[in-house]
Amino acid sequence: MNPLNKKDLIQLLEEIALYLELKGENPFRISAYRKAAQALELDERSLSEIEDFSQIKGIGKGTQELINEFIESGQSSLLSELKAEVPSGLIPLLRLPGLGGKKLARLYQELNITDQASLLKACEAGEVSSLKGFGKKTEANILQAIKESGTRPERLPIDYMLSLARKIENYLETIKEIEKFSIAGSIRRMRETIKDLDFIIATDQPESVKASLLNMEAIKQVISQGDTKVSVTLADQYDVAVDFRLVTADQFATTLHHFTGSKDHNVAMRQRAKEQGEKISEYGVADLSTGKVTTFESEADFFKHFGLNYIPPELREAKGELEAFTEEVSLVSEDQIRGDLHMHTTWSDGAHSVEEMIKFCLDKGYQYMAITDHSKFLRVANGLNEDRLRKQREEIERLRALYPDITILAGVEMDVLPNGELDFDDQFLQELDFVIGAIHSSFNQSEAEIMKRLKAAMDNPYVKMIAHPSGRLIGTREGYAVNLDELIDYAKKTHTMLELNANPKRFDLSAEWVNKAQEKGVPIAINTDAHNKKTLNYMTEGIKVARRGWLKPETVVNTWSIDELQNFFNKKEN
DNA sequence: GCCGTTTTCGGCCCGACTGTTTTCAGTCG
């Protein structure tokens, strides 16, 4: 058996919290275990490096003893006791909407419900509605929830949710009583997977906005419709819950902050408010002694009130942002971006000509760009061989004369073959301005084989960047067996840049890993990998992911001048 | 269960909505 790691311990604490919830325990005791789990997660050290767990804030004497027991014996007597008391089949039922620990405890104690099957049976027999505190409606809701459980994953990929959100935003634009609106929630923080959508709406005519919202197409079910909250389920490719919060314009900033979260960030903010004798709610900041409520023009003003610089949504995860943003924090922003180093044209599988892509990049105000079509190995994408790449280069040279305001690099996204060879030899590669190495085949190879390929690419003096290093597609494909720690170290050693692919299907490297790359001093290129005009705009999303990884402008090569970029390239070749 | 230069006991983030109720518990974000 593998030695215990921190993840095991965190999982143990979370599991204990779940069981306690089912027992209807004191909610503060439950949250104490969750806080302890979170404290461990935030601590940078590995399990063996921590000497005294009770030194960590959120972990006291009791949890420390539990941890010691777990490390020594691999077991927890508390969890064993809980498991003896509470059937484990109840745990997954906590996911059903409307069912929390207390109600489930009642179902278990009074109807002996122990899992989904027995719950279904009891609902169908009408036993649930006869229970005190339960009614016909609750029973029907549980039945429906069981039927629908498993029809969609709990969280959906951000790419899918971004496009659904855009459709909803288009509808909101048409409601004239809306003064302003914004998306909130985890999608605004750019998490990779999203559970539901939240929109904050400022209006002084909530009644009529509410009516318009309920008129929206594709509403499958109205969950709630109060004075300030409208909740619906939309029938799209998946069923998606959407919440709308209706507030006045002066409440907008605090409501937006509140529903952007994260929950942990909000808790931290509220603790800070309390320390200065105030209370934060979605409607403003109240002075505890006078009761006077202050509202804000913007989230920036709200943060300023607490002595903080504006914290971008992507960083609101209670990972030290409250401490960091008392000072000026340097983070990459879109206006610093001077170019895009990965895009395709009709020469391979793109939608536009080289010239069209140049015009689009000029429109975006870029100073440089790289044309990087696929290489010959990738036949399905009409990859280019040496001859076609030379012809494409001739065309690029012709266009350079026509568009002197932008530097156009003639490049390639070259396949790294399954056997570890590169798709072109060095003699040809040196003709190109910019070579990307990428894996598009044999994803099921072992880690050793994958790393051999990636290292072979990075060892080559002409390969300046590894594209979408993990090969994952969020929610649909795991990616190949890359050892990212090793990849980052090797990139550092070989002066190779790594990509943050800005396509929301990929976000590869992820925020977590670009952060590690930055720590190790590996430069990151944020690229759209655009195959058409629209996807050149993924830069916006890519920048947000970069900020989620706390990337500074100097880490991001697209903020460099073309000369700085060339210097870096030269360093590798010499 | 955790925490404390105001506290070793009494707090712990705050508010909306539903469904079940006759004044509110439970759930959710």
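No experiment lies behind these values; they were computed from the predicted model shown. By convention in this document, chain letters (A, B, ...) are assigned in the order of the sequence lines, proteins followed by strands, and residues within each chain are numbered from 1.
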Hey, does the side chain of A:Asp8 reach the backbone of A:Asn5 with a donor-acceptor pair shorter than 3.5 angstrom? yes

Atom pair distance, as rounded to whole Å: CZ in A:Arg95 and C1' in B:dC28: 16 Å

Using the P atom on both, measure B:dG10 against B:dG15 and round to a whole Å. 24 Å

Rounded distance (nearest 0.5 Å) linking atom CG of A:Leu551 with atom CD of A:Glu314: 11.5 Å

Roughly, in whole Å, what's the span from CD in A:Glu21 to P in B:dT27? 8 Å

Using the C1' atom as the point on both nucleotides, what is the distance between B:dT21 and B:dG26, in whole Å? 13 Å

Report yes if the side chains of A:Lys552 and A:Thr555 come closer than 4.5 Å at any heavy-atom pair, otherwise no. yes

Which listed nucleotide (B:dG15, B:dC2, B:dC17) is nearest to the side chain of A:Thr228? B:dC17

If I take atom CD in residue A:Gln64 and atom P in nucleotide B:dC2, what distance separates them, rounded to the nearest angstrom? 9 Å

Below 4.0 Å: OP1/OP2 of B:dT18 and any side-chain N or O of A:Thr138: no

For atom CD of A:Glu51, decide whether the heavy atoms of other residues, nucleotides or ligands shown that lie under 6.0 angstrom number more than 12. no

How do A:Arg29 and A:Lys132 order along DNA chain B: which one's closest nucleotide is nearer the 5' end? A:Arg29

Using only heavy-atom distances, decide whether a donor-acceptor pair under 3.5 angstrom links the side-chain of A:Asn26 to the base of B:dG1. yes

Heavy atoms only, 4.0 Å cut-off, all strands: where does A:Lys274 land among base, sugar-phosphate and nothing? sugar-phosphate

Could you measure between the two P atoms, the one in B:dC17 and the one in B:dT23, and give it in whole Å? 22 Å

Candidates B:dC3, B:dC2, B:dG15 - which lies nearest the side chain of A:Thr63: B:dC2

Nearest-neighbour nucleotide for the A:Ser224 side chain, B:dG1, B:dC3, B:dC17 considered: B:dC17

Say we look at B:dT27 and B:dT20: how far apart would their P atoms be, to the nearest angstrom? 13 Å

Rounding to the closest angstrom, what is the interatomic distance between B:dC2 and B:dT8 at atom C1'? 12 Å

Please check the phosphate of B:dC14 (OP1 and OP2 only) for any side-chain N or O of A:Tyr283 closer than 4.0 Å. no

Does A:Asn266 have a side-chain nitrogen or oxygen under 4.0 Å from the phosphate oxygens OP1 or OP2 of B:dC14? no

Indicate syn or anti for B:dT20, taking the glycosidic torsion and treating anything within 90° of 0 as syn. anti

Out of B:dG29, B:dG19, B:dC2, whichever nucleotide has its closest atom nearest the side chain of A:Asp243: B:dG29

A:Lys137 side chain: which of B:dG15, B:dG4, B:dG19 is closest? B:dG19

For the residue pair A:Leu484 and A:Lys516, establish whether any side-chain heavy-atom pair is separated by less than 4.5 Å. no

Write down the distance separating the P atoms in B:dA16 and B:dG11, rounded off to the nearest Å. 23 Å

Heavy-atom side-chain contact between A:Glu299 and A:Arg316 under 4.5 Å: yes

Please give, in whole Å, the distance from B:dC2 P to A:Ile56 CD1? 12 Å

Return the 5'-most residue of the pair A:Leu131, A:Val267 with respect to DNA chain B, ranking by each residue's nearest nucleotide. A:Val267

In the structure shown, which nucleotide is the Watson-Crick or G-U wobble counterpart of B:dT8, with both distances under 3.5 Å? none

Closest to the A:Lys279 side chain: B:dT20, B:dG15, B:dG11? B:dG15

Could you check whether A:Leu99 gets within reach of a base, just the sugar-phosphate, or nothing at all, counting any heavy atom under 4.0 Å? sugar-phosphate

Of the nucleotides B:dT27, B:dC2, B:dG11, which has the atom closest to the A:Lys102 side chain? B:dT27

Give me the distance, rounded to whole Å, that separates B:dC14 from B:dC9 when you measure between the C1' atoms they each carry. 24 Å

Quick one: label A:Leu78 by what it contacts on the DNA or RNA (base, sugar-phosphate, nothing), any heavy atom closer than 4.0 Å. nothing

Between C1' on B:dG29 and CG on A:Asp196, what's the gap in Å once rounded to a whole number? 8 Å

Rounded to whole Å, the NZ-P distance (A:Lys263 to B:dC28) equals 12 Å

Taking the side chain of A:Lys229 as heavy atoms from C-beta outward, which of B:dG15, B:dC17, B:dG29 is closest to it? B:dC17

Check the side chains of A:Glu541 and A:Asn503 for a donor-acceptor pair under 3.5 angstrom, ignoring hydrogens and angles. no

Could you tell me how far apart A:Arg34 (CZ) and B:dC2 (C1') are, to the nearest whole angstrom? 16 Å

Quiz question: by atom type and distance under 3.5 Å, do the side chains of A:His265 and A:Glu317 form a donor-acceptor pair? no

What is the distance, to the nearest angstrom, from the OH atom on A:Tyr19 to the P atom on B:dG1? 18 Å

